[in-house]
There are 2 protein chains.
Amino acid sequence: MELHQLRYFVAVADSGGFSKAARICFVAQPSLSQQIIKLEKELGQRLFERLGRTSVLTEAGRALLPRARLILKEAGDIKSGISDDLGSGAGQLSVGLIPTIAPYILPGVLKRFYESFPKARISVNENLTERLIKSIIGLEIELAVMSLPIEDKLIRMEPLFEDPLVLAISPVHELAKSEHVTIEDLRGIPFIALDEEHCLGEQINNFCYERQINPDIVCRTWNLSTIQHCVSFGSGVSLVPKMLVMTDVSNKCVYRPIKGQSPKRTVVAAWHRDRKLSKLAAEFIQIVKDEYAYLLETRSYEGSGNVSPIIANF
Amino acid sequence: MELHQLRYFVAVADSGGFSKAARICFVAQPSLSQQIIKLEKELGQRLFERLGRTSVLTEAGRALLPRARLILKEAGDIKSGISDDLGSGAGQLSVGLIPTIAPYILPGVLKRFYESFPKARISVNENLTERLIKSIIGLEIELAVMSLPIEDKLIRMEPLFEDPLVLAISPVHELAKSEHVTIEDLRGIPFIALDEEHCLGEQINNFCYERQINPDIVCRTWNLSTIQHCVSFGSGVSLVPKMLVMTDVSNKCVYRPIKGQSPKRTVVAAWHRDRKLSKLAAEFIQIVKDEYAYLLETRSYEGSGNVSPIIANF
DNA sequence: CCCAATCCATAGGCATTAACTATAGAATAT
DNA sequence: ATATTCTATAGTTAATGCCTATGGATTGGG
């Protein structure tokens, strides 16, 4: 069965004759007749009673007619339907984020995304960089939000923003008294470190190593929120991303920017080198940027370059 | 757009590659590729991203996929769907009946029909013979229940039953005293006649003319129920079809069979000479027969050849 | 790092099939 | 009765889908 056969069939049913239908379809009458006969053979049912002047539907033809119309309508609507879907933001998007980013921007990003594209379905995968890259290459996710460095040749990237690392300290800690700290202050003090399986943990590690600073690592954890708790209990200090600070409502820690060569991580969107980003994915990237800019604007009161220790008005 | 293109498209989407899809569809890979490319051109959208090893849907492809599946499913279900419709008695039937038949059997026939074919739609047209024949030829109705004679060469017929004509008289009339009457009793007595535009009126007219009986026609009406009222008021007698008697619950008239050559009309189903009756139409014919037989069985108590004047237990 | 395998696109020939012309047979309208 | 209209058939042409061969590109394995 093919669509043109259904088109011919409907034309005959509507016009009441093979010849008229042929004119409507801009084909010769024998061509149309043959296709109708072919359709009748395939269905094993005669579709029209050929009377002298006109042709009328048989019972089988009457049963076919609404189905044929439906199919033709759906086929005819495909092109505009696809455009509508693309235009309206309907569709499916699969993204990934690393665990040191997701908790801080995902809530706001999802909220924005659903507001902008209520018809879209999004699926989020929170995982370590290595696993996300595999998912990109394996085509399981379209896009990932991660942190440099990423070396895989199959990955293409676009930078989203730079996220500074700031010192997290207990409010009663000695260093909390000054408005800002320097790298040198880290030397030899008890330090709560993020596990190096996290790229952020590795980045901090490298950062200290390059400057030949060996913090006294008293704890190595998998979770930034564990770090927060340890720091607030005075177990040590740590370096945490600013996006954590901007969404911290606990008031248990204070945060100080690093004077001088402030460490930072570069957050990027990454996707398969050979894939063209879908419209939804491109929009998602923009939303992530917007969200971070929004956090910067509303949640960090950097009067004289320092991070406010207390976030009010959440 | 053609269905085989959608089939190929779905196969690629499902298998994740053109070559695999081609094997699934039992065509060579270039053939399938060409059809996909053709579809992409028609839609103005690229449907797959061709990556090295596999191909994945674009956003447009994702939008197309469910639509394509739907259409293919509907197309695949057509054959069985038609069979189901025919088997389940779904469908549309247009019938006609003449006014001297419809009131007496239509209620019971429709009830039976709806019980047997709850999914069917029936449309009934009550009209004079001449108009019904036009409707048959004009293909507006498929079937008509009428009375002989019918001469049109374009009409094919099947007899349904013979419906005797019986004398309708007032209960206080002289003739009501005898169990039966003869034709000769009609001579010269006041007679309520049906208009000759009705075939029944003409038949009665001819019947009397052939026997050279000239009843004294005191009233000519368009409606059998008018006749009933006139007769019950003693204005005269009339000949009415037995199907009227069998459904008369008024008890205002009594009815007497005609002894000897009883007049009768032959009720037939009529349809277009060149049309094959649909299953529903054939069933309708059978139901009309059944209904008349049922009326005969339950509504006429012909103990000794006479018609019961009073129909009880309705 | 190279080689083999795989994948998709292109090109060109083949074959199928849909379309066309011409016409016949039947039915209808004038 | 004649002319017109309708559908089916036959035979031919044209289109188009399919095939084989091949090339460029990528991938996976040794």
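Chain letters run A, B, ... following the sequence lines, proteins first and then strands; every chain starts at 1.
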Those residues at least two apart in sequence (or on a different chain) that pass ring pair (Phe, Tyr, Trp, His ring centres under 6.0 Å) with A/His198 are A/Trp222

NZ of A/Lys264: more than 12 outside heavy atoms within 6.0 angstrom? no

By ring pair (Phe, Tyr, Trp, His ring centres under 6.0 Å), A/Phe161 pairs with (sequence neighbours left out) A/Tyr292

Computed from five pairs at either end and rounded to 10 degrees, the angle between the axes of the helix from C/dC1-D/dG30 to C/dT30-D/dA1 is 30°

Item to complete: Using only side-chain N and O atoms of B/Arg50, determine if any of them is under 4.0 Å from OP1 or OP2 of C/dC7.
Response: no

To the nearest angstrom, the CD1-P distance between B/Ile24 and C/dC7 comes to 12 Å

Across all chains, not counting sequence neighbours, the side chain to side chain contact (heavy atoms under 4.5 Å, CB included) partners of A/Arg131 are A/Asn127, A/Lys134, A/Ser135, A/Glu140

Contact check, residues 13-20 of chain B vs DNA chain D, heavy-atom distance under 4.0 Å, returns none

Treating B/Arg273 as the side-chain partner and B/Leu154 as the backbone partner, does any N or O pair qualify as donor plus acceptor under 3.5 Å?
no

The side chain to side chain contact (heavy atoms under 4.5 Å, CB included) partners of A/Pro149 (sequence neighbours excluded) come to A/Glu151, A/Gln203

For A/Ser123, the side chain to side chain contact (heavy atoms under 4.5 Å, CB included) test, sequence neighbours excluded, returns A/Gln92, A/Ser94

Per atom distances to the A/Arg46 side chain, the nearest of D/dG28, C/dC8, D/dA8 is D/dA8

Residues pairing under side chain to side chain donor-acceptor pair (under 3.5 Å) where one sits in residues 78-89 of chain A, two or more places apart or in two chains, turn out to be A/Asp85-B/Arg67

Rounded to whole Å, CG of B/Leu47 lies from P of C/dA9 at a distance of 12 Å

Taken to the nearest whole Å, CD1/A/Ile37 to C1'/D/dA10 is 13 Å

Atom CD1 of B/Ile36 and atom C1' of D/dT16 are separated, to the nearest Å, by 16 Å

Within the 4.0 Å heavy-atom criterion, would you say A/Ser55 contacts the bases, only the backbone, or no part of the nucleic acid? sugar-phosphate

query = Does the ring-ring contact (aromatic ring centres under 6.0 Å, His included) test come out yes or no for A/Phe18 and A/Tyr8, once each step is laid out?
reply = CA-CA 9 Å; A/Phe18 285 53; A/Tyr8 294 169; over 10 Å; no

Please tell me if A/Ser33 has a side-chain N or O lying less than 4.0 Å from either OP1 or OP2 of D/dT7.
no

Here the ring-ring contact (aromatic ring centres under 6.0 Å, His included) pairs for residues 55-95 of chain A, sequence neighbours left out, are none

In B/S/- notation (B base, S sugar-phosphate only, - none; protein heavy atoms under 4.0 Å), nucleotides 17-24 of chain D written 5' to 3' is SBBBB---

Residues 55-66 of chain B vs side chain to side chain donor-acceptor pair (under 3.5 Å), sequence neighbours excluded, gives none

A/Ile137 CD1 to D/dT27 P, in whole Å, measures 10 Å

In whole angstroms, the gap separating P of D/dT5 from CG of A/Leu51 amounts to 19 Å

note: A/Glu40, atom CD; D/dA8, atom P; distance rounded to Å ~ 8 Å

Contacts satisfying ring-ring contact (aromatic ring centres under 6.0 Å, His included) that involve residues 53-96 of chain B (not counting sequence neighbours) are none

Atom CD of B/Glu49 and atom P of D/dT26 are separated, to the nearest Å, by 15 Å

